[in-house]
Amino acid sequence: QLMELSKNVQRIQELDEILLEFPHSKNVKEKMEKLNKQYRAWRKVRGDGNCYYRAVMYRLIEILILEGKERLKIFSELVAGNKDMYHMGSEASDIHPPIITCLGKVIEARQKGIGDALLLFYNLIRDDIDFDGALVALLRRMVYNFMEKYTDEQIHGLDFYDLATAAGIEYCEFRRSVVLADRECARTGVLVAAPLVLGISIDILVFDIKDSMAPPLEHYASKSDNANILVEEQLGLQNLQITLLFKPGHYDALYLQEIIRQYPILMSYDHPIVEPSPPVFPPKNFVNPQEEKKNDELIKKLAKRNPWDWVSVLVSKVVVLALAFFWLIRTCGYIIKRQIFWERRLQING
């Protein structure tokens, strides 16, 4: 099966491939030497303003697949049956159908094995625009409602109202035009709220090429230090974490060494399977199957020909040669006659 690279989420890559984006940067090379000790791979995410939400949801469902089909069922049931928990409102009809349909397919594939489910999920993100958009919209809506519910509650010494107004935007407008709007980049309020909504820790590695220092790691906890904030824990993922790679203005998914050691299938399930092609310089005894097939077809075609066909071919060639010879003799005769005519005329005039 030949797979194209995903437009929204691309195949997993070795961490060193980041160097291809900055081939002449000494700072990046020094950073990579430090990162390789702890991180193994990364996954490029489409940079359309939804990169944070897409990276988080992709990694979340990837983890649910690895954890087992029961976790997937719980997540699917929460989205399908507990709309009041997310306060989806009238937009639920746009978000739920593609998520429920696609998650149902992934759950069925998970019964066959982890690899089947992971590959199917990757293909769905690649091919189904509605599924990708619905996952992004779901997390946006969950964060929007969470920020609305806990507007004035302190989280690590700050509240969502302060985080929004610090950016010079009125709070209601911030939630509507930044959090809820499609293709709007995630800001600090979202980075704090998303882990609390999902109940998972999210670490963000800030990758800046301006210096060679080890990239700082920002930790966003799955639990709040405020007892008034009740975090939903139906998924039971509080001990799990997602790591993202932040290059100024863009988020990608990042994989720890220990995660790859625990689940080595993550490094192979989404890679394209390409059939081997003939060598560029084939050996003397090499026979291209396609050329051999064409030769066999030609031999069979010649064998079916009428044995008298060669007579007609020979006659036609003889006729063509005769006509050509006749035309040549006639042309030469005409030229000779014209030459004799002009010589006699010159003698008479002389």
Side-chain angles (χ1 to χ4, degrees), residues 4-13 18 21 42-65 75 79 86-89 91-103 106 121-148 160 163-164 167 169 173-198 200 202-207 218 220 241-255 270:
E4 298 176 357
L5 291 181
S6 171
K7 187 176 181 180
N8 296 311
V9 179
Q10 295 189 9
R11 67 175 179 82
I12 196 169
Q13 304 175 66
I18 294 178
E21 297 186 6
W42 68 301
R43 186 184 297 279
K44 198 169 185 177
V45 176
R46 182 181 180 186
D48 59 354
N50 293 326
C51 54
Y52 173 82
Y53 302 91
R54 182 177 292 114
V56 170
M57 294 303 287
Y58 187 91
R59 287 291 291 123
L60 171 63
I61 297 180
E62 199 174 45
I63 289 173
L64 294 176
I65 293 173
F75 180 70
V79 177
Y86 301 127
H87 306 288
M88 293 297 213
E91 296 185 21
S93 59
D94 297 327
I95 296 175
H96 285 258
I99 295 179
I100 300 306
T101 301
C102 293
L103 283 181
V106 175
F121 175 56
Y122 176 82
N123 288 337
L124 287 172
I125 289 290
R126 179 193 64 182
D127 297 329
D128 196 323
I129 299 176
D130 293 334
F131 181 45
D132 173 75
L135 287 177
V136 171
L138 174 63
L139 183 54
R140 284 185 179 274
R141 172 61 65 172
M142 293 168 67
V143 171
Y144 175 88
N145 293 326
F146 187 87
M147 293 178 68
E148 182 180 33
F160 291 122
L163 292 174
I169 305 175
E173 179 65 17
F174 177 85
R175 289 188 295 114
R176 185 186 65 82
S177 62
V178 175
V179 178
L180 204 57
D182 187 38
R183 299 194 176 187
E184 282 294 329
C185 297
R187 303 194 185 181
T188 305
V190 175
L191 305 185
V192 174
L196 298 174
V197 171
L198 297 173
I200 59 176
I202 299 179
D203 291 340
I204 299 178
L205 190 74
V206 181
F207 193 90
E218 298 179 357
Y220 296 91
Q241 71 177 40
I242 289 174
T243 308
L244 302 182
L245 177 67
F246 176 71
K247 292 177 288 185
H250 181 72
Y251 292 89
D252 290 316
L254 192 62
Y255 295 80
D270 60 354

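In this structure, Y122 and V9 approach most closely via the heavy-atom pair CE1-O, 3.5 Å. Residues Y144 and R176 approach most closely at CE1-N, 4.2 Å, considering heavy atoms. Contact record, D128 with C102: OD2-SG, 3.7 Å, taken as the closest heavy-atom pair. Taking both residues in full, the closest heavy atoms of F131 and L124 are given as CD2-CB, 3.9 Å, listed atom of the first, atom of the second, then distance. For the pair D252 and H250, the tightest heavy-atom approach, listed with the atom from each and the gap, is OD1-NE2, 2.8 Å.
Legend: residues meeting side chain to side chain donor-acceptor pair (under 3.5 Å) with R54, ordered by chain and number and at least two apart, are D48, D132. With sequence neighbours excluded, no residue forms a side chain to side chain donor-acceptor pair (under 3.5 Å) with Y251. Here Y52 pairs with nothing under the side chain to side chain donor-acceptor pair (under 3.5 Å) rule; sequence neighbours left out. Considering only residues two or more places apart in sequence or on other chains, F121 meets the ring pair (Phe, Tyr, Trp, His ring centres under 6.0 Å) condition with Y58. Applying the salt bridge (charged side-chain N to carboxylate O under 4.0 Å, His left out) test to E21 and every residue at least two apart in sequence or in another chain returns K44, K247. With sequence neighbours excluded, the residues that form a side chain to side chain contact (heavy atoms under 4.5 Å, CB included) with A253 are R43, R59, Y255. Remark: S177 pairs with E173 by the side chain to side chain donor-acceptor pair (under 3.5 Å) rule, at least two apart or across chains.
Remark: I12 CD1 to L254 CG distance equals 9.5 Å, nearest 0.5 Å. If you take OG1 on T101 and CG on D130, they are separated by 10.0 Å, rounding to the nearest 0.5 Å. Annotation: the span from M147 atom CE to L196 atom CG amounts to 11.0 Å, rounded to 0.5 Å. Between the CG atom in L60 and the CG atom in L139 there is a gap of 9.0 Å [rounded to 0.5 Å].
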Could you give me the CA-CA distance, side-chain angles and deciding distance for L245 and I18, then say whether side-chain contact (heavy atoms from CB on, under 4.5 Å) is met? CA-CA 11 Å; L245 177 67; I18 294 178; 3.7 Å; yes
For the pair N123 and R126, evaluate side-chain contact (heavy atoms from CB on, under 4.5 Å) and give the outcome as yes or no after the intermediate values. CA-CA 5 Å; N123 288 337; R126 179 193 64 182; 3.6 Å; yes
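You'll find the side chain of L198 stays beyond 4.5 Å of the side chain of I242, heavy atoms only. Side-chain contact between I202 and L191 is absent, with no heavy-atom pair separated by less than 4.5 Å. Taking the side chain as every heavy atom from C-beta outward, F146 and F160 approach each other to under 4.5 Å.
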Could you pull out all donor-acceptor pairs under 3.5 Å where a side-chain atom in residues 181-189 meets a protein atom, sequence neighbours excluded?
unit_1 : atom_1 : unit_2 : atom_2 : d
D182   : OD1    : N50    : ND2    : 2.8

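In this structure a side-chain-to-backbone donor-acceptor pair under 3.5 Å is missing from D203 to Q241.
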